[in-house]
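In what follows, a single structure is set out as structure tokens and then discussed.
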Amino acid sequence: MHAHSIRQLADLLSHKDISSVELTRLFLKRIEEHTELNSFITVDSEKALAQAENADKLLATGEASVLTGIPIAHKDIFCTKGTLTTCGSRILSNFVSPYNATVVDNLERVGAVMLGKTNMDEFAMGSSNENSYFGTVKNPWSPERVPGGSSGGSAAAVAARLVPAASGTDTGGSIRQPAALCGITGLKPTYGRVSRYGMVAFASSLDQGGPLAQSAEDAALLLAAMASFDPKDSTSAEREVPDYRAGLDTPIRGLRIGVPKAFFGAGLDTKVGAVVEQAISEFEALGASVREVELPASRLAVPCYYVLAPAEASSNLSRFDGVRYGFRASEYTDLIDMYMQTRAQGFGEEVKRRIMIGTYALSAGYYDAYYLKALKLRRLIADDFEQAFEDCDVLMGPTTPTTAFAIGAKAEDPVAMYLNDIYTIPVNLAGLPAMSVPAGFDEHHLPVGLQIIGQYFDEARLLNVAHQYQHATDWHTRIPEGYA
Amino acid sequence: MALDQETVLRIATLARLYIDEAQTQRFVTELSRILELAEQMNEIDTDDVEPMAHPLDQTLRLRPDRVTESDQRESFQQLAPKVEDGLYLVPKVIE
């Protein structure tokens, strides 16, 4: 039962073969039995069971949607009224939000049941989940390895089937990279497609929420509920949410796939490269054509990102001052010292590093050399994509340069850690939608992710392409040993 | 560019982060490495390029100037470390 997709669970619920309360109890029990992964920060059984009871009533009246009664989890970056929202940080370790994020509201409205909040890198800054105040998350495929980050708790929980699906956020790869490392399907929508209201801000021009799920079909069901035009988010896209399920079964014969040469250069693990090439040839067998494309400026996407994201973060995180909410240091001499002690004790090392870099890049005398330079480079990176899409429908390549690495392996070297996101970052800078889908395994039986990048607001096509691949292959159905 | 201790301390003050000596040393090394990474940006000439602050060059939407929020002062203040008579308390600023 726990390995069922949302689609399958929805069928059981609608045929009354199981109730939402029973389903909720089943998954709550699994979460309790698998605390070794450390994938959850908070489990709210009481709220979950209350929501499940309501869902059962809706199911009885026949007014249910496909997500009614389906248990899900939210990354602990989404504000949840009455349930702790920590963002993986000590500074918010006692924060109970007085309101819901729009994504949380949207899923509540269709009757999804929230089991709890998943672990994450502090303020979504990290690629390994080692930066959480609440401890490292373990990869269910290999417990001594990282699950990726920053949505590592969501990815590990879905991979281990502790929950059918979970939300995540992606600023530089934080949905796609952990999805790849945990062998599940993750979708980062177009910037503006999913509301950022109530999603704790990291880098506001890059942050985007999206689903982590077992399959493209489940991701389509979730995105349809998560996405909306939201007047409370000033950069929310004012356009209709299409029916992402409608086009899933369209054959992809004639699909034009662009393969960025730059994504197969030095730094890419040879086995990962081979698995991804095999996946692309699978698409050729389904009738797609493949051409090489150039994304010349993307080779500088990582340096560009590590100026822009910290710059925005240093500004966004200035709100954490120990005055209005969150943690406050217990000893200080005056107001300034209270700020400085609170932030020194409340933030972890990586968050401090990024605040420092961002503050420096925005400070007098350096703004042009770093911040403005990065904004110009960002335009070139986005322009390259636009050109590539002139004769391609989607782009494909690896999601990550390697499979899951050992816990601790890169923790002492921030720059080595940053390079994990070399293939995912360009997409955020441009604001495009992209997915990671399971495409096979390396020699250590660790999952490899295939990245599929689409044009602005072309999520329906991404989901169609991914679904057709999952129709032809079964990588997405593989479950780590001990969790099947 | 390699940072020196003085710059690191100045930045920490601007960022309102207390850092001790050991941490200052660590930041000198780590931040210099990150800036070295950032400087790779200079490999591409961007002289005539228009900066891009937002994907799709979005501009912020305006809304009618109407009251839409209800009063939630009570519930907001419950979150604060220290309040008194509806006011947020901080250490004394003016003697």
Side-chain angles (χ1 to χ4, degrees), chain A residues 95-96 98 190-192 205 231 234-236 238 297 300 302-304 306-307 314 318 321-328 332-341 343-344 347 352-353 355-357 359-361 363 370 372-380 382 414-415 418 429-432 456, chain B residues 1 3 7-8 10-20 23 26-27 30-31 33-63 68 72 74-83 88-94:
Chain A
F95 178 69
V96 178
T190 309
Y191 180 79
S205 82
S234 59
T235 58
S236 174
E238 214 165 340
L300 297 180
V302 172
C304 175
Y306 277 97
V307 171
S314 70
S318 64
D321 56 7
V323 175
R324 290 151 302 149
Y325 46 79
F327 165 83
R328 179 189 286 196
Y332 40 84
T333 55
D334 57 19
L335 180 64
I336 300 292
D337 192 48
M338 186 199 85
Y339 293 150
M340 294 186 72
Q341 297 293 344
R343 290 162 62 81
F347 292 136
K352 287 182 198 170
R353 263 197 292 274
I355 290 174
M356 291 287 287
I357 282 291
T359 306
Y360 181 75
S363 66
Y370 293 103
L372 199 63
K373 174 79 190 180
L375 287 182
K376 291 176 168 187
L377 201 51
R378 182 177 190 178
R379 162 102 41 210
L380 295 181
V415 172
Y418 298 168
L429 291 169
L432 295 163
Y456 294 107
Chain B
M1 197 178 99
L3 293 182
T7 312
V8 166
R10 186 173 59 83
I11 299 297
T13 307
L14 284 175
R16 297 287 185 260
L17 279 174
Y18 168 78
I19 51 173
D20 62 20
Q23 203 161 24
R26 243 188 356 261
F27 274 144
E30 289 172 355
L31 301 185
R33 276 211 64 197
I34 298 171
L35 288 177
E36 220 172 90
L37 173 78
E39 273 145 29
Q40 290 175 14
M41 293 193 299
N42 295 325
E43 289 171 22
I44 294 185
D45 174 45
T46 51
D47 278 355
D48 300 317
V49 181
E50 181 79 8
M52 175 176 154
H54 264 99
L56 307 159
D57 287 312
Q58 274 160 325
T59 48
L60 299 187
R61 206 176 30 250
L62 297 176
R63 62 170 175 82
T68 54
Q72 298 189 63
E74 294 279 306
S75 67
F76 290 170
Q77 290 218 323
Q78 279 174 11
L79 300 167
K82 271 187 186 163
V83 283
Y88 292 100
L89 292 194
V90 296
K92 205 168 184 179
V93 182
I94 302 164

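Since the model is a prediction, treat every value here as computed from it, not as a measurement. Throughout, a chain's letter reflects where its sequence line sits, starting with A, and its residues are numbered from 1.
Closest approach of Met41(B) and Pro303(A) over heavy atoms only: CG-CB, 3.9 Å. Between Tyr325(A) and Pro81(B), the shortest heavy-atom distance links the atoms N-CD, 4.1 Å. The shortest heavy-atom contact between Thr235(A) and His54(B) is CG2-NE2, 3.8 Å. The heavy-atom pair separating Val90(B) from Arg328(A) by the smallest distance is CG1-NH2, 4.4 Å. When all heavy atoms of Gly431(A) and Pro55(B) are compared, the pair lying nearest together is CA-CB, 3.7 Å. The minimum heavy-atom distance linking Ser205(A) with Ala53(B) is given by the pair CB-O, 3.4 Å.
Proximity to chain B (any heavy atom under 4.5 Å) is restricted, for Tyr456(A), to the side chain, taken from C-beta onward. In this structure, the portions of Val8(B) lying under 4.5 Å from any heavy atom of chain A include both its backbone and its side chain. Ala382(A) touches chain B through its side chain: at least one heavy atom from C-beta onward sits under 4.5 Å away, while N, CA, C and O do not. No part of Ala361(A) comes within reach of chain B, as not one of its non-hydrogen atoms sits under 4.5 angstrom from that chain. Residue Gln78(B) does not touch chain A at all, counting heavy-atom pairs closer than 4.5 Å. Heavy atoms of Leu62(B) lying under 4.5 Å from chain A are absent altogether. Only the side chain of Gln72(B) comes within contact range of chain A, with heavy atoms under 4.5 Å apart. Neither the backbone nor the side chain of Asp20(B) comes within less than 4.5 Å of any heavy atom in chain A. Only the side chain of Ser363(A) has a heavy atom closer than 4.5 Å to any heavy atom of chain B.
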Side chain to side chain contact (heavy atoms under 4.5 Å, CB included) between Tyr418(A) and Leu37(B): does it pass, once the steps are laid out?
-> CA-CA 10 Å; Tyr418(A) 298 168; Leu37(B) 173 78; 4.2 Å; yes
Quick one: do Arg353(A) and Phe27(B) satisfy side chain to side chain contact (heavy atoms under 4.5 Å, CB included)? Show the steps, please.
-> CA-CA 7 Å; Arg353(A) 263 197 292 274; Phe27(B) 274 144; 3.6 Å; yes
Does the pair Ile336(A) and Arg16(B) meet the rule for a side chain to side chain contact (heavy atoms under 4.5 Å, CB included), with working shown?
-> CA-CA 7 Å; Ile336(A) 300 292; Arg16(B) 297 287 185 260; 3.6 Å; yes
Do Glu30(B) and Met356(A) pass the side chain to side chain contact (heavy atoms under 4.5 Å, CB included) test, and can you show the C-alpha distance, the side-chain angles, and the key distance before you say yes or no?
-> CA-CA 11 Å; Glu30(B) 289 172 355; Met356(A) 291 287 287; over 6 Å; no
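No other option in Leu375(A), Leu432(A), Ile357(A) has as many heavy-atom pairs under 4.5 Å with chain B as Leu375(A). Between chain A and the options Ile19(B), Val83(B), Val49(B), heavy-atom pairs under 4.5 Å are most frequent for Val49(B). The most heavy-atom pairs under 4.5 Å with chain A, out of Ile44(B), Val93(B), Leu14(B), come from Ile44(B). Note on Thr333(A), Ile355(A), Val323(A), Leu429(A): by heavy-atom pairs under 4.5 Å with chain B, the leading option is Val323(A). When Val307(A), Leu380(A), Leu372(A) are compared by the number of non-hydrogen pairs under 4.5 Å with chain B, Leu380(A) comes out ahead.
At least one donor-acceptor pair under 3.5 Å links the side chain of Arg61(B) to the backbone N or O of Ser236(A). At least one donor-acceptor pair closer than 3.5 Å links the side chain of Arg343(A) to the backbone N or O of Ala15(B).
In this structure, NZ on Lys373(A) lies 7.0 Å from CG on Asp47(B), to the nearest 0.5 angstrom. Within the model, atoms CZ of Phe347(A) and CG of Leu17(B) stand 7.0 Å from one another, a figure rounded to the nearest 0.5 Å. With rounding to the nearest 0.5 Å, the separation of CG in Leu35(B) from OH in Tyr370(A) is 4.5 Å. Distance CE/Met52(B) to NZ/Lys376(A): 15.0 Å, rounded to 0.5 Å.
Residues Arg63(B) and Ser234(A) are not in side-chain contact: their nearest non-hydrogen atoms beyond the backbone lie 4.5 Å or more apart.
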